Amino acid sequence: MWSDIASRSLWLSAGAAIGRLLPFLVLIMLGNSLSISDFASVSVGFAWTAVAASLTTAGLANVTTQRLAVMQRSLQRAFVLRVIKLGSLFSATLLLTAVVTGSEVAHLAFGQALDQRVILPALISGSLWSLVMLLVAICNGQHKPRAAASVLGLGGALQGVGLVAGYGFSSGVHIVMWGAALGNGAALVWAIFCVRTHISQFQSTASDGTPNPQIRFGRSVAWSSLAAASVMPITFVAGSLVSRNADGTRQLAQFQALEQLHQLAVYLPGVLGQALLPVLAVHFNVRAGETVRKVVRASVMLAVAGTLLAAALVWQPGWLHRVIGNPALVDATATRAMLMNAGLSVSLGLLGSALLARGQYARATLLNLGWAAVFLGLGWHWHADGAGGIQTARLCASWLLVFAASASLWLGTLPENAVSAPSARSTSKQP
């Protein structure tokens, strides 16, 4: 299992390192060129790409990867086409809804801290990228990590090039976001080409009596979508809390600058989670209890190690502020809490993949909703402290999530142990 995970992680990490990190590096560079208010607007607009995916295709992508990993090849073509149609419908619905209500909602959330001209290109960019990530999930579920890596790599590179081209054409923040939308459109074209190449190899056939893996598909997608929607949009809401501070624009710019660093730090662990999902789905079909216990032990050790490493790196964060060079970055407490939270990302990714691989979408949703409630509750209590208060609130909520998810997985194996132990004793008596 671990060798398979390592191989997949290597390919997906290479794709992420080549392409997906480039847009974040571009944003970091833009932070040194744009005014604080313009940087805040561009960062909020760019953050919408992740929010759009979490609201539309992230849940569908998780279920798709898990189902494809154990599905007969003869059923995959029809299933993939169905998934693409659903993803397109979800993205189009969100786009139309956001176009109608986006300006009012953005003004209510961020007030004068957000340039309204970035809203439309951000909405289009987010819808396009949500479909790209869905196609990455399809490649991953079909056990095609190289294809998934190529979509991540070239797709992310095109997104970064679009940002640079938009800034080169005009320093206007809305032109920068239109450049990102153009890059995401090119990335989607490449993703469609890759997926079409692979699904053309499969021929749909009639069922041969094997249990249909699409049973409860709609319910699973609904639970998984709710689980995804309780993470990224909550961070978006946290940004609106920061903007209500007395120094709202500067605090929002600092929060978004830290979010770019956070996304940069957690992206590769997120890719590891993508690599884990199809592998764990296969292994849970064979020896679920043993695999879960290994995952929980590894997760707890990784959480402790990641937090300690992050604390050691940024206990005096001045060096990081100087390297980034963004004038908005000044809060040492916020920087420490952000990177310590990022140190938990490998552990949380492993636990999340284990829950999804077991098909426990409802449980994952409830855990994420609990995390969101704790995060926003503490964030509201500490929002007067600006970005530092919000980042500390997220760190506390994330540690609670590590313990809760670990306990949930571990306790879920106890009925299996109770059943399997007598069976093992009885078989040992046989000659």
Side-chain angles (χ1 to χ4, degrees), residues 1-2 5 9 54 58-59 61-63 65-66 69 220 222-235 238 262 265-281 283-284 287-310 337 340-379 392-417:
M1 179 180 73
W2 298 113
I5 291 172
S9 300
S54 68
N62 288 331
V63 179
T65 299
Q66 189 253 349
S220 297
W223 277 114
S224 185
S225 297
L226 183 57
S230 59
V231 179
M232 281 304 303
I234 299 304
T235 305
H262 184 265
V266 305
Y267 194 77
L268 287 180
V271 169
L272 176 61
Q274 293 178 13
L276 281 169
L277 183 52
V279 178
L280 290 176
H283 280 268
F284 282 145
R287 43 184 183 275
E290 178 186 349
T291 304
V292 165
R293 289 188 289 274
K294 288 181 179 179
V295 166
V296 171
R297 291 190 191 102
S299 298
V300 173
M301 290 188 293
L302 287 169
V304 174
T307 302
L308 292 177
L309 177 61
M340 290 170 70
N341 186 80
L344 297 174
S345 58
V346 175
S347 174
L348 290 172
L350 185 57
L351 292 168
S353 294
L355 286 166
L356 297 178
R358 298 203 76 185
Q360 296 175 342
Y361 303 107
R363 188 176 300 183
T365 300
L366 294 175
L367 287 168
N368 279 357
L369 288 175
W371 171 86
V374 173
F375 179 18
L376 290 183
L378 293 176
T392 303
R394 179 164 62 179
L395 177 61
C396 295
S398 295
W399 258 112
L400 287 175
L401 180 59
V402 169
F403 288 125
S406 298
S408 176
L409 281 167
W410 189 276
L411 293 175
T413 66
L414 294 182
E416 296 178 16
N417 295 339

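Side chains included, hydrogens not; waters and symmetry mates left out as well; all remaining heavy atoms used. Note that the structure is predicted; figures quoted are calculated from it, not measured. Residue numbers run from 1 in the order of the sequence given.
Across all non-hydrogen atoms, the minimal contact from S398 to L344 is CB-CD1, 3.7 Å. The heavy-atom pair separating N341 from R394 by the smallest distance is OD1-O, 3.4 Å. Shortest non-hydrogen contact noted between S299 and S347 is O-OG, 2.7 Å. Across all their heavy atoms, A397 and F375 have their closest contact at CB-N, 3.7 Å.
Evaluation of the side chain to side chain contact (heavy atoms under 4.5 Å, CB included) rule for L378 yields V374, W382, A393, C396 as partners, not counting sequence neighbours. Take S406 and apply the side chain to side chain contact (heavy atoms under 4.5 Å, CB included) test, not counting sequence neighbours, and it matches V296, V300, L351, V402.
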Applying side chain to side chain contact (heavy atoms under 4.5 Å, CB included), run through L367 and L355 and close with a yes or a no.
CA-CA 10 Å; L367 287 168; L355 286 166; 3.7 Å; yes
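Distance check, rounded to the nearest 0.5 Å: CE of M340 to OG1 of T392 gives 9.0 Å. Here the CG atom belonging to N368 is positioned 9.0 Å from the CG atom belonging to L348, to the nearest 0.5 angstrom. Taken from CG in L401 to CZ in F403, the straight-line distance is 11.0 Å, to the nearest 0.5 Å.
Between the side chain of S345 and the main chain of A342, a donor-acceptor pair closer than 3.5 Å is present. In this structure, the side chain of R363 engages the main chain of S408 through a donor-acceptor pair within 3.5 Å.
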